[in-house]
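For reference, positions follow the sequence shown, starting with 1.
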Amino acid sequence: MESRPTGTAELSIGPVLRRVAGTTATLWLETTAPARVRVEVEGGGGGATPTFSAYGHHYAVVIVEGLTPGAACRYQVFLDERPAWPPADSGYPPSAIHTRAADDADHPVSLIFGSCREATPQATTRHLPPDALDAYARRLMRDPSQRPDLIVLLGDQVYADNTSDKVQRFLRRNRRPGHHGPDDEVISFDEYTRLYHESWRDPEVRWLFATVPAVMIFDDHEIIDDWNTSDSWRRDMSGKAWWRERISAGLASYWVYQHLGNLSPEEIRDDPLYQKIMAAGDATDLLHDFGLSVDDPSEAENTDQPYRWSFSLDLGRTRLVMLDNRCNRVLTSGDRRMLPRAEWDWFVERAQGDYDHLVIGSSLPWLMPPAIHHLEAWNERMAESSGRRRAAFAEKLRRAFDLEHWAAFTRSFEALGELFRRLGAGRTATPGALVGTGDGSRAPASINVLSGDVHHSYVARVDLGPGTATPVHQLTCSPIHNQVPRPMRPLMRFSWSRAAAKGVRGLGRASGVEPPGWQWTRVAGPYFGNAISTLRLEGVSASVRVEETDTDGSLCTAADVLLRD
């Protein structure tokens with residue numbers, strides 16, 4: 001049953017341009033009331049859909065079809081046939097959908113990426129460096145020739161546990177007496193919407209999202225710091241009276257605002273939850289139950305495998321695979337994994353195929369500073385120790401110092417490197433076992449892992465040993481709008497040193513921790529400013545540029561690294 005249009009709807013957020021492939025595109029938006037949404041594209045193409053409603057809010061994902069290949073076409077959004085976008089008084093360049101030509105598979109691909117964007121400059125009273133996404137949008141307005149093919153956002157698009165003064169004032173005004181839960185953190189779905197309204201209404205970012213396609217994946221702060229650190233962390237959180245509402249609202253709002261637009265048009269149409277939501281008059285109960293079930297699959301009707309947040313897409317001769325590093329972690333002692341087996345098998349299949357460059361989106365860096373890597377591997381071993389006091393102490397350290405990256409999931413860390421080794425040697429990897437068939441498949445020109453989270457940026461290259469022809473790099477860009485406290489920066493620089501790595505490695509060796517099967521070296525960084533990075537792929541060549549914001553809000557190049565010539 002469709003929500004009934006009122007004829008008074010206006011745009012609340014958006015439009016946000018999401019997937020563009022071939023002659024189709026998807027546009028996401030939120031409206032102030034139920035409406036029929038129609039997109040009309042200059043030169044041909046369009047689409048229409050009714051909004052769906054949940055928690056008193058109204059949303060639409062419009063699948064736009066019939067676009068002209070190899071064109072940049074302006075578009076308009078209509079609500080109940082009234083013009084809603086672009087605004088009549090807009091001082092920004094027109095929004096347009098850019099499509100690739102049908103025969104331009106070899107055309108260069110450009111991705112910008114980053115993570116960790118706290119409240120916008122207009123909303124925060126913290127003295128943060130200028131917002132890198134704002135700066136990028138302003139430059140793109142001046143020079144459209146630098147337009148990338150895709151924006152890749154790698155987590156912490158909103159901060160549920162570190163809110164702005166504006167959001168905190170809203171919480172104080174609207175919460176009932178006797179409310180349970182943290183006073184300065186969001187808990188309900190409606191409170192979550194305030195975070196997205198605050199962030200995505202930023203004028204420059206709103207224009208950027210309406211103009212350049214974007215995909216995104218969550219990290220911990222979309223829910224709470226240290227989300228799914230360990231099994232004992234989950235037990236502790238489940239005992240809090242407010243947690244069920246927080247996890248349900250956090251995951252439901254993420255599905256609406258972020259994940260739905262990550263899907264292709266075919267995946268959107270075929271998604272069982274989307275079908276149920278579009279048939280419902282009010283999807284509140286559906287989304288509430290969905291949020292609980294994907295956090296704890298035992299509450300789902302079908303528990304065969306977890307809901308898959310990971311996704312992939314192809315851009316020309318480049319394949320991007322975005323991985324869920326948070327929701328579906330396996331936290332069982334002795335069998336900790338970053339991805340459950342079914343999702344790992346899906347990833348192994350998607351990591352193979354007919355492409356030139358493989359790009360992995362992982363909110364958490366695969367390769368950390370070596371000293372921190374060894375510390376996390378040691379901590380995992382201690383936390384799984386049979387000695388209760390030792391394990392309890394290690395668990396306290398894990399939570400206090402956020403020791404929960406790939407290094408703290410040793411099986412997954414090693415499996416990912418082994419997958420890259422086999423791909424780089426032109427060997428096929430078999431899901432479930434990573435057994436190389438030695439069939440002589442063509443190796444990728446490059447493999448690059450894009451990450452965020454750690455509030456500093458760097459480029460690292462890994463040596464996977466003889467026989468691996470493909471260069472493999474860790475490209476970390478964080479934060480977009482946040483900062484590392486200055487006293488921590490010397491320590492983080494020191495963690496890259498040989499002396500630090502040697503000292504912490506000795507700690508792990510004494511506890512029986514095997515060293516990694518490969519070594520990696522820092523190529524550029526660390527950089528601590530607000531930053532956005534650009535990965536450019538052309539033919540077999542690959543390069544990355546890290547740009548930081550200056551005090552005047554402009555972007556300055558911190559590093560230009562040739563990954564493969």
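- Under the 3.5 Å distance criterion, with hydrogens and angles disregarded, a donor-acceptor pair is assigned to the side chains of E267 and S264.
- A cation-pi arrangement is present between R336 and F409, with the terminal nitrogen or guanidinium carbon under 6.0 Å from the aromatic centre and inside a 45° cone about the axis.
- Aromatic pair H405/W366: ring centres not closer than 6.0 Å.
- Side-chain contact annotation: E30 with H197, donor-acceptor N/O pair under 3.5 Å present.
- Residues N379 and E376 bring no donor and acceptor atom of their side chains to less than 3.5 Å of each other.
- With respect to D560 and R536, no salt bridge is recorded, no charged nitrogen being found less than 4.0 Å from a carboxylate O.
- The side-chain tip of R308 points at the ring of W346 from less than 6.0 angstrom away and within 45° of straight on.
- A salt bridge links D354 with R317: the distance from a Lys NZ or Arg NE/NH1/NH2 to an Asp or Glu carboxylate oxygen falls below 4.0 Å.
- No hydrogens or angles considered: nothing links the side chains of S310 and D324 as a donor-acceptor pair under 3.5 Å.
- A salt bridge links R341 to D335: one of the charged nitrogens lies within less than 4.0 Å of a carboxylate oxygen.
- Between F209 and W200, the two ring planes are perpendicular [angle over 60°; tilted spans 30° to 60°].
- A donor atom on one side chain and an acceptor atom on the other are found under 3.5 Å apart for S312 and R350.
- In this structure, R117 does not pair ionically with D156, as no charged nitrogen and carboxylate oxygen lie closer than 4.0 Å.
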Start with the C-alpha distance between E198 and S164, add both sets of side-chain angles, then the distance that settles side chain to side chain donor-acceptor pair (under 3.5 Å), and finish with yes or no. CA-CA 9 Å; E198 179 178 74; S164 68; 2.5 Å; yes
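- Using cut-offs of 30° and 60° for the angle between ring planes, the Y458 and W496 rings count as perpendicular.
- For D552, the CG atom sits in a packed shell: over 12 heavy atoms of surrounding residues, nucleotides or ligands are nearer than 6.0 Å.
- The closest side-chain donor-acceptor pair between E548 and N530, if any, does not fall under 3.5 angstrom.
- L535 contributes atom CG, which lies 5.5 Å from atom CG of N448 (distance to the nearest 0.5 angstrom).
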Worked verdict on D356 versus R319 for salt bridge (charged side-chain N to carboxylate O under 4.0 Å, His left out): CA-CA 8 Å; D356 289 336; R319 175 159 298 170; over 6 Å; no
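- Neither side chain, E222 nor Y159, offers a donor N or O lying under 3.5 Å from an acceptor on the other.
- Ion pairing between a basic and an acidic side chain is recognised when a charged N comes within 4.0 Å of a carboxylate O; R326 and D220 show such pairing.
- Between F290 and W309, the two ring planes are perpendicular [angle over 60°; tilted spans 30° to 60°].
- In summary, the aromatic rings of F218 and H259 are positioned with their centroids too far apart to meet the 6.0 Å limit.
- There is a side-chain donor-acceptor pair under 3.5 Å between S362 and W406.
- Taking 4.0 Å as the cut-off between side-chain N and carboxylate O, R19 and E266 do not count as a salt-bridged pair.
- Using modelled atom types, one finds no donor on one side chain facing an acceptor on the other under 3.5 Å when comparing Y192 with Y254.
- Between R398 and D226 there is no salt bridge, since no side-chain nitrogen of the basic residue lies less than 4.0 Å from a carboxylate oxygen of the acidic one.
- If you check the side chains of E380 and T410, you find a donor sitting under 3.5 Å from an acceptor.
- Ion pairing between R399 and E404 fails under the 4.0 Å rule for side-chain N and carboxylate O.
- Ring geometry for Y257 against Y196 counts as parallel: the plane angle stays under 30°, on a 0 to 90° scale with 60° as the upper cut.
- Within the model, atoms CD1 of I223 and CG of D161 stand 9.5 Å from one another, a figure rounded to the nearest 0.5 Å.
- Residue Q519 places its CD atom among 12 or fewer non-hydrogen atoms of other residues, nucleotides or ligands, all under 6.0 Å distant.
- A donor atom on one side chain and an acceptor atom on the other are not found under 3.5 Å apart for T318 and H357.
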